Asker: 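What follows is a structure written as structure tokens; I'll ask about it next.
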Amino acid sequence: MIQRHLRSIRIVISLFFLLLIAGIFLDFYDLIQPDFIPVILFFQVMPALMKTLSTGGMALFSLLAVLGLTVLAGRLYCSFLCPLGTFMDLVIRFRPGKKRFLWTRAHTALRYSLLGLTLLVLASGSLVLIDLLDPFSLFGRLMTTLFRPLAATLNNALVRVFESLGSYSLVTVEFPWANLPVLMVCLACLGLIVGLAMKKGRLYCNSLCPVGAFLGLVSRLSLFRVSIDRTSCVSCGKCERVCKAGCIDSKNYQVDISRCVACYTCLPVCPENCINLTMTGMPKREMNPNRRTLLLLVGLAVAGFPKKLFAQIAKPLVYVKNTISIMRRYPTTPPGSRSIAEFTSACTGCYLCVSHCPGKVIQPALTPYGSKGFLMPRMDNSRGFCNFTCTTCGAICPTGAILPLTLDAKQQIQIGTVNFIRENCIVITQKTECGACSEHCPTKAVAMVLENGLRVPKVNPKICVGCGACEYACPSIPYKSIYVEGNPIHITAEKPKTEEIEKPMSGDDFPF
Amino acid sequence: MNRREFIKKSVAAGIVTGSALMAAPVSLFAEEKKQKPYDLVAVKGGEPAALFDSAISALGGMVAFVPKNSTVVVKPNIGWDADPRRAANTHPELVKQIIRHCLSAGAKKVYVFDNTCDIWTRTYKNSGIEYAVNDAGGTMIPANTERYFHPVTVDKGKRLNQAKVHEQVLEADVFINVPVLKHHSSAKLTIGMKNHMGIVWDRGYWHRNDLNQCIADFATFKKPDLTVVDAYNVLMKHGPRGVSEKDVVTMKSLIISLDPVAADAAAAKMFGMEPSDLSYISMAAAMGVGNMDLTKASIKRIKL
């Protein structure tokens, strides 16, 4: 009977997606083509929602596909497609001391009020709760901040083995850890996810996860659902004990379909074949005892919502003083993100861009944009700079926070502008040549101008694209002498002027 | 020796034997002239490979520099993520031809690397050098992590007394420096001695501590067996990175010298500057690294 195999089919499909999605976050050899990444992420609900809201277009089909699947057979997303769900399944599968699960009461008030709150906060223009709770982004964050450095360490150990055998076929990967606050948050999230999974199975999905809550609502309409045939059920409780969502009440022959994550683990364990995926008509409308609580909470949230708190944009970042204080008013967002406002209204903090940025300039931070951008990435020129010929982040961003750009367009977008602190500069303080900033500048917005026999940097912000190569390369210590100030709204830089060059010598003779 | 290495070595041995037979007359010629015939050879008017062919044969062929079974490091400029037409990096055809000559002279292994300014995987690829090296039978190796660089002392250094140098440069039997001649925003021109910055790890120190003096200081530590200056396409302004192809002038020239100071001096003249305009050339000459006075050098001039 096919239903007994549904669990195996689910395991194969879910592992397939888990491996692919983990793969795109861990792929430091760039084996997966950027064009293929949107295909892999087609079914990811929250990125598709953000993309639909921010840019419209094709992402709507992703949403419709998942909605269609849910109406057809419940929360298939949660067990087949969600990488965090499959990760939890692995934790559950390999947890020590095989504890059994039991039916638990639904956390209806918590899950729907969190969903409501998440949507409200979203409507107010902040993605803070989505950033924290969206399962795909959370998974990506764990992969990028914790698993990727571990994988890089493992790779680098292998490199040494290969090199001791005289082969340079593997290469050392430099992948620094995220900054401490981000790392702490991610470690706490990992602890929470693993702890919950070990003790309570899929409780995260049925209490905190906004996607789970939303699909739970939709699944009340689903056509095919797991149900118990009361006539033949002997109430042995085997199905209840394997249900990691705790949604089977075998005493009362009930399956809470809004909490069922469609893992189908229960189907093959029934000795009487009486728990099955069956087609039902439209569900009976039952009064939810918690509906009043839910409404009350939503009402309270609307009334008392501290809008001011979430209305702040981009707190000034104060940098440490050298001889003069450096004040960066705005962080820089990646090219293709259009503006801080547009970026922060679509980024879910999945860190796919962080994983793939070849210049390692896209780095996560705790609150780079004030309360609006919790855990979102920004350009960190102390770690790297935006490669002039690279358009990777826009090509792979699944949420539309960073839009794809052609190389020509990218090379003219000004994400920030250069600022020169003369008093910090080596040429001024040491009175020797340096020019590292100008060397790295792709447009020569930083040029060297002769002054008392030495060349001193001179900046032309009009042709600056804000890549931060000058800031990264500046060797003055302890503080930089040149830095990029973010443009809160990206604009188009002027094209560098080109002049005809005089040939250095005429004729065919050698000048010596 | 693993299987792959065994196969590689067998193939290499075959090539060596074959090419040794073919190159026999050249070898004999080199034996006769143990003294290097010229301090410097300058060639113009050909494609990169042809330029190198004629220049190296004027110096007695590569066999005069590369012993059998030796390990060679060829160090081009691969600093920037730019295609060959931008002339920000050494011409890949020149690198390819040098590797071929090394291998047919009997080199066991030819390593190529640079500690790049842009992202190394992109510069290796987009410069065309990675492809050229693999095509010629050389080995492209990484220099992207500090682990490959080992501390050395620069005894004669005035500002630079310590540096970390790539292990293959320290271990190799032959070191061939293959810079590209181009304008440079910090050092005015980058040629051979400036190209050594790609075999050390911490360039920031040089920039903080009198760049020109550090370039000269390091030249006292590492003298390449051969400096091959690529002046086929020359970046005349906006160096070392360049903004567009409009910054480039095609000169179809090549300079090859045993003396790194003379190589830089001659290349500077080709660019239209005096060697004394570049303080690192004067400093290195004063420190006894080489000769910057081209009137005192024996020069072979070839027009193709």
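Reminder, nothing fancy here: chain letters follow the sequence lines and each chain counts from 1. Because the structure is predicted, anything quoted here is derived from the model rather than measured.
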Asker: Does NZ belonging to B:Lys164 count more than 12 external heavy atoms closer than 6.0 Å?
Answerer: yes
Asker: Provide the closest heavy-atom pair for A:Pro475 versus B:Arg208 in the form atom of the first, atom of the second, distance.
Answerer: O-NH1, 2.7 Å
Asker: Does this structure show an ion pair linking B:Lys303 with A:Asp509, if we count only N-O contacts that are shorter than 4.0 Å?
Answerer: yes
Asker: Heavy-atom distance under 4.5 Å to chain A: side chain of B:Val234, backbone, both or neither?
Answerer: neither
Asker: At a 4.5 Å cut-off on heavy atoms, which part of B:Tyr205 comes close to chain A: side chain, backbone, both, or neither?
Answerer: neither
Asker: For chain B, find its close neighbours in residues 155-163 of chain A: heavy-atom separation under 4.5 Å, sorted by number, or none.
Answerer: A:Val159, A:Arg160, A:Glu163
Asker: Does the side chain of B:Asp210 reach to within under 4.5 Å of the side chain of A:Gln430, using non-hydrogen atoms?
Answerer: no
Asker: Under 3.5 Å, is there a donor-acceptor pair between the side chain of B:Arg301 and the main chain of A:Phe512?
Answerer: yes
Asker: Which one of B:His184, B:Gln213, B:Arg203, B:Met273 has the most heavy-atom pairs closer than 4.5 Å to chain A?
Answerer: B:His184
Asker: Please classify the contact between A:Thr443 and chain B as side chain, backbone, both or neither, with a heavy-atom cut-off of under 4.5 Å.
Answerer: backbone
Asker: Given A:Glu174 and B:Trp120, is the side chain to side chain contact (heavy atoms under 4.5 Å, CB included) satisfied, shown in steps?
Answerer: CA-CA 12 Å; A:Glu174 303 265 299; B:Trp120 72 286; over 6 Å; no
Asker: Please give me the minimum heavy-atom distance between A:Gly435 and B:Ser185, naming the atom from each residue.
Answerer: O-OG, 3.7 Å
Asker: Do A:Glu433 and B:Ser279 come within less than 4.5 Å of each other through their side chains, counting heavy atoms only?
Answerer: no
Asker: Checking heavy atoms, do the side chain of B:Ser244, its backbone, both or neither come under 4.5 Å from chain A?
Answerer: side chain
Asker: Among B:Cys117, B:Ala82, B:Gly204, who wins on heavy-atom pairs under 4.5 Å with chain A?
Answerer: B:Cys117
Asker: If you look at every heavy atom in B:Arg122 and A:Pro358, which pair is closest and at what distance?
Answerer: NH1-CG, 4.0 Å
Asker: Look at atom NZ of B:Lys158 and say whether more than 12 heavy atoms of other residues, nucleotides or ligands are closer to it than 6.0 Å.
Answerer: no
Asker: With a 4.5 angstrom heavy-atom cut-off, could you sort out which part of B:Asn144 is near chain A: side chain, backbone, both or neither?
Answerer: both
Asker: Heavy atoms only, distances under 4.5 angstrom: which of A:Val446, A:Val171, A:Asn387, A:Ile426 has the most pairs with chain B? Name it, please.
Answerer: A:Asn387
Asker: Side chains of A:Phe510 and B:Ile299: closer than 4.5 Å at any heavy-atom pair?
Answerer: no
Asker: Is the shortest side-chain heavy-atom distance between B:Arg241 and A:Cys441 below 4.5 Å?
Answerer: no
Asker: Taking side chain as everything from C-beta outward and backbone as N, CA, C, O, which of these in A:Pro442 sits under 4.5 Å from a heavy atom of chain B? Side chain, backbone, both or neither.
Answerer: both
Asker: Where does the angle between the aromatic ring planes of A:His440 and B:Trp80 fall among parallel (under 30°), tilted (30 to 60°) and perpendicular (over 60°)?
Answerer: perpendicular
Asker: Please round to the nearest 0.5 Å and tell me the distance separating atom OG1 of A:Thr432 and atom CG of B:Asn212.
Answerer: 8.5 Å
Asker: Mind checking whether B:Asp81 and A:Phe388 have side chains closer than 4.5 Å, heavy atoms only?
Answerer: no
Asker: Please classify the contact between B:Glu167 and chain A as side chain, backbone, both or neither, with a heavy-atom cut-off of under 4.5 Å.
Answerer: side chain
Asker: Quick one: of B:Asn126, B:Leu211, B:Ile141, who has the most non-hydrogen atom pairs under 4.5 Å with chain A?
Answerer: B:Ile141
Asker: Given a strict heavy-atom distance threshold of 4.5 Å, which part of B:Lys246 is in contact with chain A: side chain, backbone, both, or neither?
Answerer: both
Asker: So how far is it from B:Ile119 CD1 to A:Cys357 SG, rounded to the nearest 0.5 Å?
Answerer: 6.5 Å
Asker: So which part of B:Glu274 gets closer than 4.5 Å to some heavy atom of chain A, the side chain, the backbone, both or neither?
Answerer: neither
Asker: Between A:Phe385 and chain B, with a heavy-atom cut-off of 4.5 Å, which part of the residue counts as in contact: side chain, backbone, both or neither?
Answerer: side chain
Asker: Is B:Ala297 close to chain A through its backbone or its side chain, or both, or neither, when contacts mean heavy atoms under 4.5 Å?
Answerer: neither
Asker: Can you see whether B:Ser186 engages A:Glu439 through a side-chain donor-acceptor pair at a distance of less than 3.5 angstrom?
Answerer: yes
Asker: Answer yes or no: are there more than 12 heavy-atom neighbours, outside B:Tyr232 itself, under 6.0 Å from its atom OH?
Answerer: yes
Asker: By a 4.5 Å heavy-atom criterion (distance strictly below it), what part of B:Leu294 contacts chain A: side chain, backbone, both, or neither?
Answerer: side chain
Asker: For a quick check under 3.5 Å, do A:Thr172 and B:Arg147 share a side-chain donor-acceptor pair by atom type?
Answerer: yes
